[in-house]
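Heads up, the thing below is written out as structure tokens.
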Amino acid sequence: MTEVEMQLRLLAACAIAQEAGYLVRRRFLERDDVLKLKFKGPQDYLTETDAEVEKLIALRLSQAFPDDGFFGEEGGGAFSESVWIVDPIDGTADFARGIAYFCVSIAFVHQGRTQIGVLYDPMADELFAARRGSGATLNGRAIKVSAIDDPRQSVVELGWSPRAPFPDYLKVATRLNDLGAGVKRCGSGALGLAYVAAGRQDAYCELHINAWDAAAAVLLIEEAGGWTNDFLTAACLQHGNRVIGCTPKLRDVLEEAMRV
Ligand code: IPD
Ligand code: CA
């Protein structure tokens, strides 16, 4: 793929993430169905907006790049050599409960490597973007991970979903606490990782997360000078993986803490 073709994809991903984000924002502000919550499974919220937004993103991408593949959290798809991996709303539980903390996540993966990662938080109007080898930006300004190297000064977000055993989560949380880290959990893994890239927190870890949640944001961390585990393996595309994204100096302690 040429330089120009890749750059076009970055620009398109930014525009599409923003357009999709405006739709998410509109649906969030007009929602009045707090008592009509729907679930895909335990602790797994279903909203009509997820599917609506994913359809919009799929349409726009297929119009711009008809030969690229597509895989979305809601509708699935296939993993071809050049494929877009999309989470229409990461932070669906917060979206459904009326909490303004969620984002649109779009990754472009070519020959098994994430080349483009774009996240748009429509409530904060924050566009995070990265292209492999070109750095990471927030609303057009370069971002980098924090310089924190002492766990006792660190803020570590530890994500959890029912896909991983809760006792394992507690084990890791306890170890992090024992190291002196400030442990927190919010409702969007994608934004949590992006916040590491922007230096707002020093690490994001989760024992299991899906490719569509984290692929774009992991690239943000790499391009912002951080360290991440080898997240997007072939198995991860199908089944998800653990994720660790942090400042380079926290790598060893976090890898150790995440051993279960
Ligand atoms: C979830 C969120 C959550 C993370 C989970 C994800 P969703 O995605 O990113 O923070 O801990 O692993 O499944 O359901 O909001 O799209
Ligand atoms: Ca998600």
Side-chain angles (χ1 to χ4, degrees), residues 17 20-21 23-24 27-28 31 37-55 57-58 70-77 84-107 114 117-123 128 155-166 168-170 172-173 176 183-197 200-201 203-221 228-229 231-232 236-245 258 260:
L23 177 57
V24 177
R27 294 287 181 260
F28 179 76
R31 62 185 279 291
L37 297 171
K38 291 190 214 148
F39 294 85
K40 293 193 253 185
Q43 295 298 328
D44 197 1
Y45 286 81
L46 171 73
T47 79
E48 271 132 36
T49 310
D50 292 76
E52 184 187 12
V53 175
E54 186 169 304
K55 270 194 200 132
I57 297 171
F70 181 88
F71 192 97
E73 172 169 12
E74 301 305 313
W84 295 92
I85 300 182
V86 168
D87 190 346
I89 305 178
D90 189 64
T92 299
D94 279 356
F95 174 88
R97 303 307 296 251
I99 300 166
Y101 187 76
F102 43 80
C103 68
V104 176
S105 173
I106 300 181
T114 308
V118 171
L119 252 65
Y120 183 59
D121 173 346
M123 306 312 287
F128 298 87
V155 176
V156 177
E157 182 171 351
L158 180 62
W160 179 79
S161 81
R163 298 181 303 271
F166 198 65
D168 288 349
Y169 170 81
L170 288 181
V172 178
L176 292 172
V183 186
K184 60 185 261 193
R185 175 188 177 227
C186 299
S188 163
L191 274 183
L193 287 158
Y195 279 20
V196 175
R200 293 174 177 170
Q201 52 194 23
Y204 183 94
C205 310
E206 186 161 346
L207 289 167
H208 180 275
I209 195 160
N210 286 305
W212 52 81
D213 297 309
V218 161
L219 182 65
L220 287 171
I221 295 182
T228 66
N229 63 321
F231 173 69
L232 200 73
C236 172
L237 287 172
Q238 305 286 349
H239 308 294
N241 195 0
R242 74 176 41 189
V243 71
I244 307 174
M258 284 282 281
V260 287

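For ligands, and for the atoms within them, numbers begin at 1 and follow the listed sequence.
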Practice task
Apply side-chain contact (heavy atoms from CB on, under 4.5 Å) to the pair Leu237 and Ile85, showing each step before the final yes or no.
Solution key: CA-CA 9 Å; Leu237 287 172; Ile85 300 182; 3.4 Å; yes

Practice task
Write the atom name of the N, O or S atom in Asp90 that is nearest the Ca ion (ligand 2).
Solution key: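 The closest N, O or S atom of Asp90 to the Ca ion (ligand 2) is OD1.
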
Problem - salt bridge (charged side-chain N to carboxylate O under 4.0 Å, His left out) against Arg200, all qualifying residues, sequence neighbours excluded - result: Glu126

Starting from the N and O atoms of ligand 1, find every protein N or O within less than 3.5 Å and list the pair with its distance.
unit_1	atom_1	unit_2	atom_2	d
ligand 1	8 (O)	Asp90	OD1	3.0
ligand 1	8 (O)	Asp213	OD1	3.4
ligand 1	9 (O)	Asp90	OD1	2.8
ligand 1	9 (O)	Asp90	OD2	3.0
ligand 1	9 (O)	Gly189	N	2.9
ligand 1	10 (O)	Gly187	O	3.3
ligand 1	10 (O)	Ser188	N	3.4
ligand 1	10 (O)	Gly189	N	3.0
ligand 1	11 (O)	Trp160	O	3.4
ligand 1	11 (O)	Glu206	OE1	2.9
ligand 1	11 (O)	Glu206	OE2	2.9
ligand 1	12 (O)	Arg163	NH2	2.6
ligand 1	12 (O)	Glu206	OE2	2.6
ligand 1	13 (O)	Arg163	NH1	3.2
ligand 1	13 (O)	Arg163	NH2	3.4
ligand 1	15 (O)	Gly91	N	2.7
ligand 1	15 (O)	Thr92	N	2.8
ligand 1	16 (O)	Glu73	OE1	3.3
ligand 1	16 (O)	Ile89	O	3.4
ligand 1	16 (O)	Asp90	OD1	3.4

Exercise for the section: Please calculate the OD2(Asp87)-the Ca ion (ligand 2)-OD1(Asp213) angle and round it to 10 degrees. Expected result: 100°

Exercise for the section: Classify the ring geometry between Tyr101 and Tyr195 as parallel (under 30°), tilted (30 to 60°) or perpendicular (over 60°). Expected result: perpendicular

Problem - Under 3.5 Å donor-acceptor, Asp168 side chain and Val260 backbone - result: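 Here the side-chain-to-backbone pair does not exist.
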
Exercise for the section: Ignoring hydrogens and angles, tell me if any N or O in the side chain of Arg163 forms a donor-acceptor pair with the backbone of His208 under 3.5 Å. Expected result: yes

Practice task
Could you give me the CA-CA distance, side-chain angles and deciding distance for Asp213 and Glu73, then say whether side-chain contact (heavy atoms from CB on, under 4.5 Å) is met?
Solution key: CA-CA 8 Å; Asp213 297 309; Glu73 172 169 12; 4.3 Å; yes

Exercise for the section: Check the pair Trp212, Phe71 against side-chain contact (heavy atoms from CB on, under 4.5 Å), reporting the backbone distance first and the verdict last. Expected result: CA-CA 8 Å; Trp212 52 81; Phe71 192 97; 3.5 Å; yes

